Amino acid sequence: MDKRISPLSRIFLIVMFALLYLPIFYLIFYSFNSGGNMYDFENFTFDWYKELFQDTRLLIIVLNTIVIALLSALISTVIGVLGAMMIYKIRSSRTKNALLSLNNILIVSPDVIIGASFLILFTIAGIQLGFYSVLLSHIAFSIPIVVLMVLPKLSEMSPSLLDAARDLGASRWEVITKVVIPYITPGIFAGFFMALTYSLDDFAVTFFVTGNGFTTLSVEIYSLARQGISLSINALSAIIFIVTMLIVVIYYFLTRRGKKSPDLEVLK
C-alpha cells in the first residue's frame, strides 16, 4: 500500500494549517508591537506583557479559570470513568445505546441551550451564581467527554485479561485497580485533558452561569474586546496558546508511553 502523500493533499494540508495558525501567529506577533495597534508595527517591546502581569484583577481571573478547569476536569474524570465502566458492563444493547445517546446529546447540543438550561436550573434551585455554579456546569458538560474517551479503551480490552487476573486470585477491587485502570490509563488521561481544555476555553455556558464578583478568562476577554483593541489581550492570548501547546505536547508523550506498554505488563 502506497502511503506517500500526493501533491494535492500536501497543498490542502498547507492551506488548512495556514488558515488555522496564521491568525494566531499574527495575534502573537503584534503582542510585541509598541505602536498599540494591529496594523502598523513600530518597535519590539514587552510592555504589553508587563502591563498584563501588573493587572492584579486579571491575574485573579486567570487563577479562577485554572482552579475551575482543574477541579472540573478532575471531578468529571472520576465520574466519567465510573460511568464508562457502568455502561461497559451493561449487557443489554438497547439500554447501552440509550445511555450513549443521552450522553452524546450533551455534546452535540448548542452551548447556548446548555447555558440557559443551567441558568434556569440554578435560579429555581436557589443556587447563587458564582464559583459553584460555574464549577457544576463545567463538570456536567465535561463528563460526557470523559465517557467517550474512556469507553473505547474498555471496549478494546480483552476479556481474557480479566479472566486471567481472576484465575490468579485477584479480588474484584484488585481487578479494577491492577488490570482495568492501568489498561485504560491513556483514555483517562485523554478524557482529563479534553475536559481541561474544554473548561479553559468555554465561553457560552460560563457566560450564562457566572455571577457578579466572579468570572473566567473567556468571559473577561470578551468583555475587554468589546471595550476596544488592547494589545494586552494579544499578550494574554499568546500565553494561553503557548500553555495549551505545552499541554498538547505532554498529552502526546503520555499517550505514546501508554501505547508502548504491552498488555501482559498489566498483570504484573
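None of the values given here were measured: they were computed from a predicted structure. Counting begins at 1 with the first residue of the sequence.
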Practice problem: Grab the two heavy atoms, one from S31 and one from W48, that are nearest each other, plus how far apart they are. | Solution: O-CD1, 3.4 Å

Practice problem: Establish whether F214 and Y132 are linked, either directly or via other cluster members, by ILVMFWY side-chain heavy-atom contacts under 4.5 Å. | Solution: yes

Self-check item: Whether S142 side chain and I139 backbone form a donor-acceptor pair below 3.5 Å
Solution: no

Exercise. To the nearest 0.5 Å, tell me how far F141 CZ sits from T206 OG1.
Key: 5.5 Å

For residues 186-199, run the donor-acceptor check on the side chains, cut-off 3.5 Å, and write out each pair with its distance to 0.1 Å, sequence neighbours left out.
unit_1 : atom_1 : unit_2 : atom_2 : d
T197   : OG1    : F193   : O      : 3.0
T197   : OG1    : M194   : O      : 2.9
S199   : OG     : S72    : OG     : 3.4
S199   : OG     : H138   : ND1    : 2.7

Quiz prompt | Pairs meeting criterion side-chain hydrogen bond (donor to acceptor under 3.5 Å, both in side chains) with involvement of residues 94-113, two or more places apart | solution = S92-T95

Quiz item: For F29, which residues count as a ring-ring contact (aromatic ring centres under 6.0 Å, His included) partner, sequence neighbours excluded?
Solution: F41

Quiz item: Does atom OH of Y88 have more than 12 heavy-atom neighbours, drawn from other residues, nucleotides or ligands, at distances under 6.0 Å?
Solution: yes

Practice problem: Mind listing the closest non-hydrogen atom pair of V205 and S137 along with its distance? | Solution: CG1-CB, 3.9 Å

Quiz item: Please, which pairs that meet salt bridge (charged side-chain N to carboxylate O under 4.0 Å, His left out) have at least one residue in residues 112-139, sequence neighbours excluded?
Solution: none

Practice problem: Heavy atoms only: give me the nearest I61-T215 pair and the separation to one decimal. | Solution: CD1-CG2, 3.5 Å

Quiz item: Can you list the residues that meet the ring-ring contact (aromatic ring centres under 6.0 Å, His included) rule with F44, with sequence neighbours excluded?
Solution: F32, F46

Quiz prompt | Nearest-0.5 Å distance that lies between atom CG in L154 and atom CD1 in I184 | solution = 4.5 Å

Self-check item: Q128: side chain to side chain contact (heavy atoms under 4.5 Å, CB included) partners, not counting sequence neighbours
Solution: none

Quiz prompt | Residues in salt bridge (charged side-chain N to carboxylate O under 4.0 Å, His left out) contact with E174, at least two apart in sequence or another chain | solution = none

Quiz prompt | side chain to side chain contact (heavy atoms under 4.5 Å, CB included) evaluation trace for N64 with V134 | solution = CA-CA 10 Å; N64 290 339; V134 175; over 6 Å; no

Quiz prompt | ILVMFWY network linking I240 to I250, side-chain heavy atoms under 4.5 angstrom | solution = yes

Quiz item: Atom CD1 in I242, atom CD1 in I28: separation rounded to 0.5 Å?
Solution: 6.0 Å

Extract all donor-acceptor atom pairs below 3.5 Å that involve side chains of residues 18-27 and protein atoms in other chains or at least two apart in sequence.
unit_1 : atom_1 : unit_2 : atom_2 : d
Y26    : OH     : M38    : O      : 2.2

Practice problem: Could you grab the distance from atom CZ of F241 to atom CG of L246, nearest 0.5 Å is fine? | Solution: 10.0 Å

Self-check item: side chain to side chain contact (heavy atoms under 4.5 Å, CB included) partners of V112, counting only residues at least two apart
Solution: F208

Quiz prompt | From CD1 (I107) to CD1 (I114), nearest 0.5 Å | solution = 9.5 Å

Practice problem: Report whether L217 and V219 are members of the same hydrophobic cluster (ILVMFWY, side-chain heavy atoms less than 4.5 Å apart, transitive linking). | Solution: no

Quiz item: If you measure from CG on L63 to OG1 on T216, what distance do you get to the nearest 0.5 Å?
Solution: 13.0 Å

Quiz item: Looking only at heavy atoms, which two atoms of N33 and T45 are closest? And how far apart?
Solution: C-CG2, 3.7 Å

Quiz item: Can you name the residues that form a salt bridge (charged side-chain N to carboxylate O under 4.0 Å, His left out) with R57, not counting sequence neighbours?
Solution: E220

Quiz item: Are side-chain heavy atoms of V150 and T77 found at a separation under 4.5 Å?
Solution: no

Quiz item: With hydrophobic residues grouped by side-chain heavy-atom distances under 4.5 Å, do L136 and L71 end up in a single group?
Solution: yes

Practice problem: Could I get the full list of side chain to side chain contact (heavy atoms under 4.5 Å, CB included) partners for L52, not counting sequence neighbours? | Solution: L58, A235, L236, I239

Exercise. Supply the members, apart from L82, of the Ile/Leu/Val/Met/Phe/Trp/Tyr cluster built from side-chain contacts under 4.5 Å; use none for a lone residue.
Key: V78

